[in-house]
Enquirer: 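Quick one: the structure is below, questions incoming.
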Amino acid sequence: MSVRTTTRRLRGFPRGFLRGFLSPRTLRGRLALVALITSALWVAVLTSAFNLALNGRLHAQADDVLRTRAEAVAATIEPRPDGRFVIHEPSEDQALDAGVWIYQGRHAIEKPPGVPAELQRRADRLAGQADTFAEVSDPAETRLYALPVKDADGHKQVGTVVTSVGLDPYRSTADSALTASVVLAVLLLGTVYLLTRLAVRRALRPVGLMSAQAALWSEEGTARRFGTEGRPAELASFAANLDELLDRLAAVLRHEQQQSAELSHELRTPLARITAETEWLVKRPRDAEEQRLSHEAIASAAATMRQICESLLSEARTRGSEVPGRCRPLDLARALAERTAADHPGSPPVLVRGAPATAGVSEAVAERILMPLLDNARRYAVRSVVIECAAVPGAVEVSVVDDGPGVPESFVRSLFEPGRRAAPGDGHDGAGLGLALARRLARAAGGDITLAPAGAGAGSMPETGPGARFTVRLPAG
């Protein structure tokens with residue numbers, strides 16, 4: 001590695017480190033940074049308040065010292081009626097006289113030796129004033145206080161005692177306290193940051209274990225679940241949601257497997273017919289009529305395959321895209337009846353009756369369920385079709401009744417099988433997938449479709465035939 005490359009990396013190290021610290025990529029780093037910033041703001045407020053309070057206290061202590069010394073000096077002064085001052089000097093008064101001026105009027109009769117000129121001028125200006133504080137910063141920070149001296153009667157100010165004290169010791173104490181508080185705050189913030197990272201790391205350890213388990217299970221294809229026992233409330237809710245998601249994915253996978261199996265099963269019969277017809281056309285000669293019939297059989301089988309594919313794929317798209325919703329089957333039945341009357345003017349009328357109820361499926365799904373039943377009833381009805389809606393405990397039942405020939409007894413067991421028709425040559429189109437698809441959708445929505453027993457079809461309708469009665473049961477909304 002060259003010296004230039006090393007130098008460039010060393011220069012970029014602080015910038016990269018700072019960027020990574022201020023914009024952490026991990027959740028642990030982000031939480032620790034939030035805790036650090038919050039603690040820093042709170043510690044800054046506390047440190048500032050502490051130092052302001054300390055400065056105020058030191059300032060008050062300096063003022064108390066000045067006032068006490070001034071009162072002590074004033075107690076040694078005896079004003080005479082002739083205007084002279086008699087000062088009763090106590091023994092060992094060197095400490096008391098340090099930094100003290102005694103003024104008779106505005107004339108200084110005592111002053112400390114070696115006083116700087118600026119300090120002397122400031123003390124002279126305080127002469128004649130009462131209870132006044134002042135500060136001088138040259139050559140050193142000094143605070144002064146002026147205390148009035150009254151005459152013998154205590155009414156007139158005849159003199160002034162000025163005391164001074166250096167502020168350097170107080171400033172030094174304040175600076176030391178500020179430095180100590182800043183160092184303590186930095187140590188505290190560093191400790192908070194480290195402890196927060198450790199605490200968050202320990203708190204997120206179960207999440208990491210769950211992630212590792214999920215990765216392992218995805219490779220093994222296991223059906224195990226996380227469960228909620230022995231977990232904190234937040235992780236228990238998270239695990240429950242993950243388990244629900246895994247259950248849904250497993251259900252989707254089972255449905256896709258079932259869809260593939262059913263598609264393969266349903267396509268086997270028309271594909272076998274196409275294969276057989278093709279082999280017959282190739283292996284032995286046929287006349288024009290036989291060739292036409294073979295071509296028609298192949299075309300019919302191909303059309304059946306296309307309808308099977310479209311129906312099953314449509315069901316798959318419906319299952320994957322529709323979300324649970326709510327609808328009113330009675331209103332939907334009336335809308336379907338009006339649409340049927342407009343699309344098929346010559347068909348028997350559709351009567352709708354029943355009580356309002358709410359089903360726990362979307363209107364699109366309910367329509368896909370009811371429309372094949374209504375189409376069958378319209379094809380085979382003689383005089384009319386009736387749609388009845390009723391609310392039952394925990395569900396909504398919609399019955400589609402016609403007065404046609406009914407379902408042959410021999411075909412009842414195969415009624416809902418895909419691609420099966422009771423009478424393929426009855427002149428009605430269709431691949432026999434409508435009822436199968438409708439039942440699949442109903443069961444996917446938590447309901448079902450059943451055929452009423454023979455003789456229970458038309459009910460109160462005119463006696464024109466045994467009729468058929470299909471009942472759709474949907475979950476209540």
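Nothing fancy with the numbering, it's 1 onward along the sequence. Any value given below was found using the heavy atoms of this structure, including those in side chains, with hydrogens, waters and symmetry copies removed.
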Enquirer: Does Y170 reach the side chain of V65, with side-chain heavy atoms less than 4.5 Å apart?
Expert: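 In contact.
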
Enquirer: Please round to the nearest 0.5 Å and tell me the distance separating atom CH2 of W101 and atom OG1 of T160.
Expert: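 The CH2 atom of W101 sits 13.0 Å away from the OG1 atom of T160.
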
Enquirer: Would L336 and M371 count as a side-chain contact (heavy atoms from CB on, under 4.5 Å) if you check the C-alpha gap in whole Å, the side-chain angles of each, and the deciding distance to 0.1 Å?
Expert: CA-CA 8 Å; L336 294 180; M371 203 60 198; 3.8 Å; yes

Enquirer: Could you tell me which non-hydrogen atom of V400 sits nearest to which non-hydrogen atom of A377, and how far apart they are?
Expert: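 What the structure gives for the nearest pair is CG1-CB, 3.8 Å.
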
Enquirer: Looking at S48 and V45, would you say the former's side chain and the latter's main chain have a donor-acceptor pair under 3.5 Å?
Expert: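 Judged by distance alone, no pair lies under 3.5 Å.
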
Enquirer: Could you report the tightest heavy-atom contact between V192 and A35, atom names first, then the distance?
Expert: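 Closest heavy-atom pair between V192 and A35: CG1-O, 4.5 Å.
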
Enquirer: Quick check: does any side chain N or O of T132 sit under 3.5 Å from a backbone N or O of A130, one acting as donor and the other as acceptor?
Expert: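 Such a contact is found between T132 side chain and A130 backbone.
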
Enquirer: Can you tell whether the side chains of E78 and R84 come within less than 4.0 Å, N to carboxylate O?
Expert: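 Here E78 does not pair with R84 in a salt bridge, since their nearest N and O are not under 4.0 Å apart.
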
Enquirer: Is V165 close to T142 at the side-chain level, that is, under 4.5 Å between some pair of heavy atoms?
Expert: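 The answer is no, as the side chains (C-beta and beyond) never meet within the 4.5 Å cut-off.
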
Enquirer: Taking atom types as modelled, find out whether S399 and T471 have a side-chain donor-acceptor pair closer than 3.5 angstrom.
Expert: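 Their side chains do contain a donor-acceptor pair, which is all the 3.5 Å distance test asks for.
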
Enquirer: Side chains of L189 and L36, heavy atoms from C-beta outward: is any pair under 4.5 Å?
Expert: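 In short, these two side chains touch, coming nearer than 4.5 Å.
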
Enquirer: With a 4.5 Å heavy-atom cut-off, do D63 and F133 have their side chains touching?
Expert: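 In contact.
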
Enquirer: What's the spacing between L46 CG and F50 CZ if we round to 0.5 Å?
Expert: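 Those atoms lie 11.0 Å apart.
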
Enquirer: What are the two closest non-hydrogen atoms of P356 and L330, and how far apart are they?
Expert: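 Closest approach of P356 to L330, heavy atoms only: N-CD2, 3.9 Å.
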
Enquirer: In Å and rounded to the nearest 0.5 Å, what is the CD1 to CZ distance from I369 to R440?
Expert: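 Between atom CD1 of I369 and atom CZ of R440 there are 12.5 Å.
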
Enquirer: Atom OH in Y145, atom OG1 in T68: separation rounded to 0.5 Å?
Expert: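 Taking OH in Y145 and OG1 in T68, the distance rounds to 9.5 Å.
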
Enquirer: Salt bridge (Lys or Arg N to Asp or Glu O under 4.0 Å) for D64 and R67? Distances and angles first, verdict last.
Expert: CA-CA 5 Å; D64 291 340; R67 190 178 288 107; 3.6 Å; yes

Enquirer: Are any of the side-chain heavy atoms of R201 and R197 separated by less than 4.5 Å?
Expert: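 No, too far: nothing below the 4.5 Å cut-off.
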
Enquirer: Is the shortest heavy-atom distance from the side chain of R122 to the side chain of L144 under 4.5 Å?
Expert: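 With C-beta onward as the side chain, the pair touches.
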
Enquirer: Apply side-chain contact (heavy atoms from CB on, under 4.5 Å) to residues V396 and T358 and explain how you reach the verdict.
Expert: CA-CA 7 Å; V396 176; T358 302; 6.0 Å; no

Enquirer: Salt bridge check: are R439 and D448 linked by an N-O gap of less than 4.0 Å?
Expert: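 D448 and R439: salt-bridged.
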
Enquirer: Starting from the C-alpha separation in whole Å, work towards a yes-or-no answer on side-chain contact (heavy atoms from CB on, under 4.5 Å) for K150 and H155.
Expert: CA-CA 6 Å; K150 303 291 185 178; H155 299 293; over 6 Å; no

Enquirer: Does the side chain of T340 reach to within under 4.5 Å of the side chain of L374, using non-hydrogen atoms?
Expert: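 Side chain of T340 against side chain of L374, heavy atoms only: contact under 4.5 Å found.
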
Enquirer: So, S172 side chain and D168 main chain: donor-acceptor pair closer than 3.5 Å or not?
Expert: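 No; zero donor-acceptor contacts below 3.5 Å.
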
Enquirer: Would R80 pass as a cation-pi partner of F85, given that its NZ or CZ must be under 6.0 Å from the six-membered ring centre and within 45 degrees of the axis?
Expert: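 Judged by the rule, R80 and F85 form no cation-pi pair.
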
Enquirer: With sequence neighbours left out, write down each residue that passes salt bridge (charged side-chain N to carboxylate O under 4.0 Å, His left out) with E135, or none if nothing qualifies.
Expert: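 Counting only residues at least two positions away or on another chain, E135 forms a salt bridge (charged side-chain N to carboxylate O under 4.0 Å, His left out) with R143.
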
Enquirer: Can you sort out the partners of R339 under side-chain hydrogen bond (donor to acceptor under 3.5 Å, both in side chains), two or more places apart, ordered by chain and number?
Expert: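 Partners of R339 by the side-chain hydrogen bond (donor to acceptor under 3.5 Å, both in side chains) criterion, ordered by chain and then number, come out as E367.
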
Enquirer: Heavy atoms only: give me the nearest A391-A357 pair and the separation to one decimal.
Expert: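 Closest pair (atom of A391, atom of A357, distance): CB-CB, 3.9 Å.
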
Enquirer: Supply the atom-to-atom distance E363 CD to R326 CZ, rounded to the nearest 0.5 angstrom.
Expert: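 Reported value, rounded in 0.5 Å steps: 13.0 Å.
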
Enquirer: Which heavy atom of T47 sits nearest a heavy atom of S181, and at what distance?
Expert: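 Here T47 and S181 meet closest at CG2-OG, 3.5 Å.
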
Enquirer: Test side-chain contact (heavy atoms from CB on, under 4.5 Å) on R473 and V392; report intermediate values, then the result.
Expert: CA-CA 9 Å; R473 184 180 182 91; V392 298; 3.6 Å; yes

Enquirer: Where is the tightest heavy-atom contact between A445 and V361, given as atom of each residue plus distance?
Expert: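 Shortest heavy-atom contact: CB-CG1, 3.4 Å.
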
Enquirer: Got a second to check how far T163's OG1 is from E71's CD, nearest 0.5 Å?
Expert: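 One finds 9.5 Å between OG1 of T163 and CD of E71.
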
Enquirer: A side-chain contact here means heavy atoms from C-beta on lying under 4.5 Å apart; do L332 and R328 qualify?
Expert: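 Heavy-atom side-chain distance check fails, nothing below 4.5 Å.
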
Enquirer: Counting only N and O atoms by type, is there a donor-acceptor contact under 3.5 Å from the side chain of R106 to the main-chain atoms of A127?
Expert: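 It does hold such a pair.
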
Enquirer: If the condition is salt bridge (charged side-chain N to carboxylate O under 4.0 Å, His left out), which residues does R57 pass it with, not counting sequence neighbours?
Expert: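 With neighbours one apart ignored, the set is empty.
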
